[in-house]
Amino acid sequence: MPEAVIELLKERRAHRIGLMGGTFDPVHRAHVEMARRAMEQCALDAVLFLVSGDPPHKSARAPAADRFAMLELALAKEPGLYPSRVELDRKGVVYTVDTLRILCKELPKAEFTYIVGADTFYDLSHGGWRNVEEIYGLTRFVVFGRPGAKPMELPGGRVRAEFAQMPLLNISSTAVRRRVAQGLPYEELVHPDVARYIEEHGLYRGEGIGLNEAQEMLKGMVKPSRFRHILGVVESAEELAARFGVEPRRARWAALLHDCAKGMSYEDSVLAAGRIEPPVDRVTLSQPALIHAPVGALLAREVFGVEDEAVLEAIRVHTTGKRGMTALDLLLYVADTIEPGREFPGVEEIRAAAKEDLVRAAVLCMNSTIRFVIASDGILHPGTVDARNDLVIQLKQRKNL
Ligand code: ATP
Ligand code: MG
């Protein structure tokens, strides 16, 4: 039983049909603008938005039902533009070639125009899509330039493809999701009803952010040199996690986000710290080099959606340490000190210790920090002293056993 929209197209004798495949996670203004433009430029009777259920190339962050509902809202008042479930309701991996075969059967008189962004067309014309030769036979293409897409020429021969006439629009669903997760305004990027839907259903609040996406976000938040340091800490943290039996995902998240607040000014950090409960101690508050740790834990929760208290605590104490540190806390503390980019007198000794004993390595890190703070007449955080005493006692007890 074909879906209602297909019946509608038959009834209206709509033959020139645009197709736009996508995850629409969520649908944004560029999607709708592209469909409108394609309709005009290619004299289309209608455009179907083919929402993917289970896309071959990437996984969606919002359930298909929500993505479809948002498309319905965005297209409700757009004449000739319709959401379609033809890809959504199919089980397993869905290939465009199968969709085209189905649609050709349902609408035998139709002429199809597939609407794509330049990034997608580049993928499909460079071996990224199954049975592309058959696809070229079943539909023509209208390709919209996209900021950041690789420059390319359209294939000639029997491939029917043309570029669309439209200024580049710097909008992506990824940008919408990140903005929602970061609490930044995004209302200009989507239809107002879609924004309302996102709010009401709490979509993209952060729990959906994977490590890769977090890493990409982070890249835009800190300086390149800081980002390199962070990647170094991730590398060391992974090594230590494997060696000392710490849950690798936790180690990775903690390492990735430990310095996420480093890009903030000191003034903004103090402001943000004002929201932390229990209140941040005055030594930490007074020092730009310390305040990024508790504020980082705050951002990790609010911006990156980290819910894991153990990860948040490791981030919170990664600069000062505290009494009663867990293996994860120690791991991050040590990884931050010995990552491959660090060079200071004594680092090799700590690296060697970290091959054997996390506690001893942490004590060496603390010794080095304490010596450094005292040599530079700095303010020593009591957490570091507490942490060190605690660990030294552990080492002594172990010896006595
Ligand atoms: P994501 O960031 O999650 O990949 P997206 O914005 O690329 O999302 P998709 O659902 O992946 O949206 O894209 C559907 C189609 O729309 C693709 O062909 C894509 O190339 C195209 N597209 C999306 N945004 C733009 C844009 N700003 N300019 C040109 N093409 C776009
Ligand atoms: Mg995309």
Side-chain angles (χ1 to χ4, degrees), residues 178 182 209-244 246 248-266 268-269 272-273 284 287-301 303-304 306 311-321 325 328-355 358 361-362 364-373 376 378 381 383-384 387:
R178 284 188 189 157
Q182 291 174 40
I209 295 180
L211 274 164
N212 291 340
E213 191 157 4
Q215 189 165 318
E216 278 301 302
M217 274 167 67
L218 200 58
K219 208 177 191 172
M221 291 169 70
V222 296
K223 286 196 265 185
S225 55
R226 176 63 49 188
F227 190 67
R228 278 196 298 280
H229 159 70
I230 288 171
L231 295 185
V233 176
V234 170
E235 187 187 324
S236 296
E238 282 178 339
E239 252 177 68
L240 295 173
R243 195 172 296 145
F244 299 110
V246 172
R249 274 190 79 78
R250 280 191 154 156
R252 211 184 145 92
W253 271 111
L256 190 66
L257 298 183
H258 79 285
D259 271 355
C260 69
K262 273 280 189 181
M264 274 169 91
S265 69
Y266 175 60
D268 285 348
S269 304
T284 301
Q287 301 201 70
L290 300 182
I291 196 165
H292 76 279
V295 174
L298 184 76
L299 294 191
R301 186 200 295 280
V303 174
F304 293 86
V306 173
V311 170
L312 296 172
E313 185 62 4
I315 296 172
R316 192 181 73 79
V317 302
H318 85 268
T319 315
T320 56
M325 289 170 83
L328 180 67
D329 298 340
L330 294 173
L331 177 148
L332 180 59
Y333 191 88
V334 172
D336 190 18
T337 311
I338 65 169
E339 61 98 357
R342 293 273 198 208
E343 278 174 44
F344 59 90
V347 69
E348 284 310 331
E349 190 194 349
I350 307 176
R351 287 192 178 119
K355 296 242 184 295
L358 196 55
L364 293 178
C365 295
M366 287 161 190
N367 288 349
S368 161
T369 303
I370 291 168
R371 272 198 294 267
F372 174 80
V373 172
S376 50
H381 193 278
T384 314

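Please read all numbers here as calculations on a predicted model, not as lab measurements.
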Using only atom types and a distance under 3.5 Å, with no angle test, would you say the side chain of [X] pairs donor to acceptor with the backbone of [Y]?
X: R316; Y: V311; result: no
X: T384; Y: T320; result: yes
X: E339; Y: G341; result: yes
X: H229; Y: R226; result: no

Taking all heavy atoms of [X] and all of [Y], pick out the closest pair and write down the distance.
X: G321; Y: Y333; answer: N-CE1, 4.1 Å
X: Q215; Y: F227; answer: O-CE1, 3.5 Å
X: A353; Y: L364; answer: CB-CD1, 3.7 Å
X: C365; Y: I350; answer: SG-CG2, 3.6 Å
X: L298; Y: A272; answer: CD2-O, 3.6 Å
X: L299; Y: M264; answer: CD1-SD, 3.9 Å

Find the distance between [atom1] ([X]) and [atom2] ([Y]) and round it off to the nearest 0.5 Å.
X: T337; Y: F344; atom1: OG1; atom2: CZ; value: 6.0 Å
X: S269; Y: L290; atom1: OG; atom2: CG; value: 11.5 Å
X: K219; Y: L231; atom1: NZ; atom2: CG; value: 8.5 Å
X: K262; Y: M221; atom1: NZ; atom2: CE; value: 14.0 Å
X: H318; Y: D336; atom1: NE2; atom2: CG; value: 5.0 Å
X: L330; Y: M325; atom1: CG; atom2: CE; value: 5.0 Å

Exercise for the section: Scan V295, L257, D259, D329 and name whichever one has a side chain to side chain contact (heavy atoms under 4.5 Å, CB included) with I315. Expected result: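 That would be L257.
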
Handout entry: Heavy atoms of other groups near Y266 OH, more than 12 under 6.0 Å
Key =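 For Y266, atom OH is crowded (more than 12 foreign heavy atoms under 6.0 Å).
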
Compile the donor-acceptor pairs under 3.5 Å between side chains in residues 232-244 and protein atoms, sequence neighbours left out, one pair per line.
{"residue": "S236", "atom": "OG", "partner": "G232", "partner atom": "O", "Å": "3.3"}
{"residue": "E238", "atom": "OE2", "partner": "R252", "partner atom": "NH1", "Å": "2.4"}
{"residue": "R243", "atom": "NH1", "partner": "A354", "partner atom": "O", "Å": "2.9"}

Problem - Pairwise side-chain contact, L256 with I230, heavy-atom cut-off 4.5 Å (strictly under) - result: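 Counting from C-beta outward, L256 and I230 do come under 4.5 Å.
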
Exercise for the section: Please determine, by modelled atom types, if H381 and T284 share a side-chain donor-acceptor pair under 3.5 angstrom. Expected result: yes

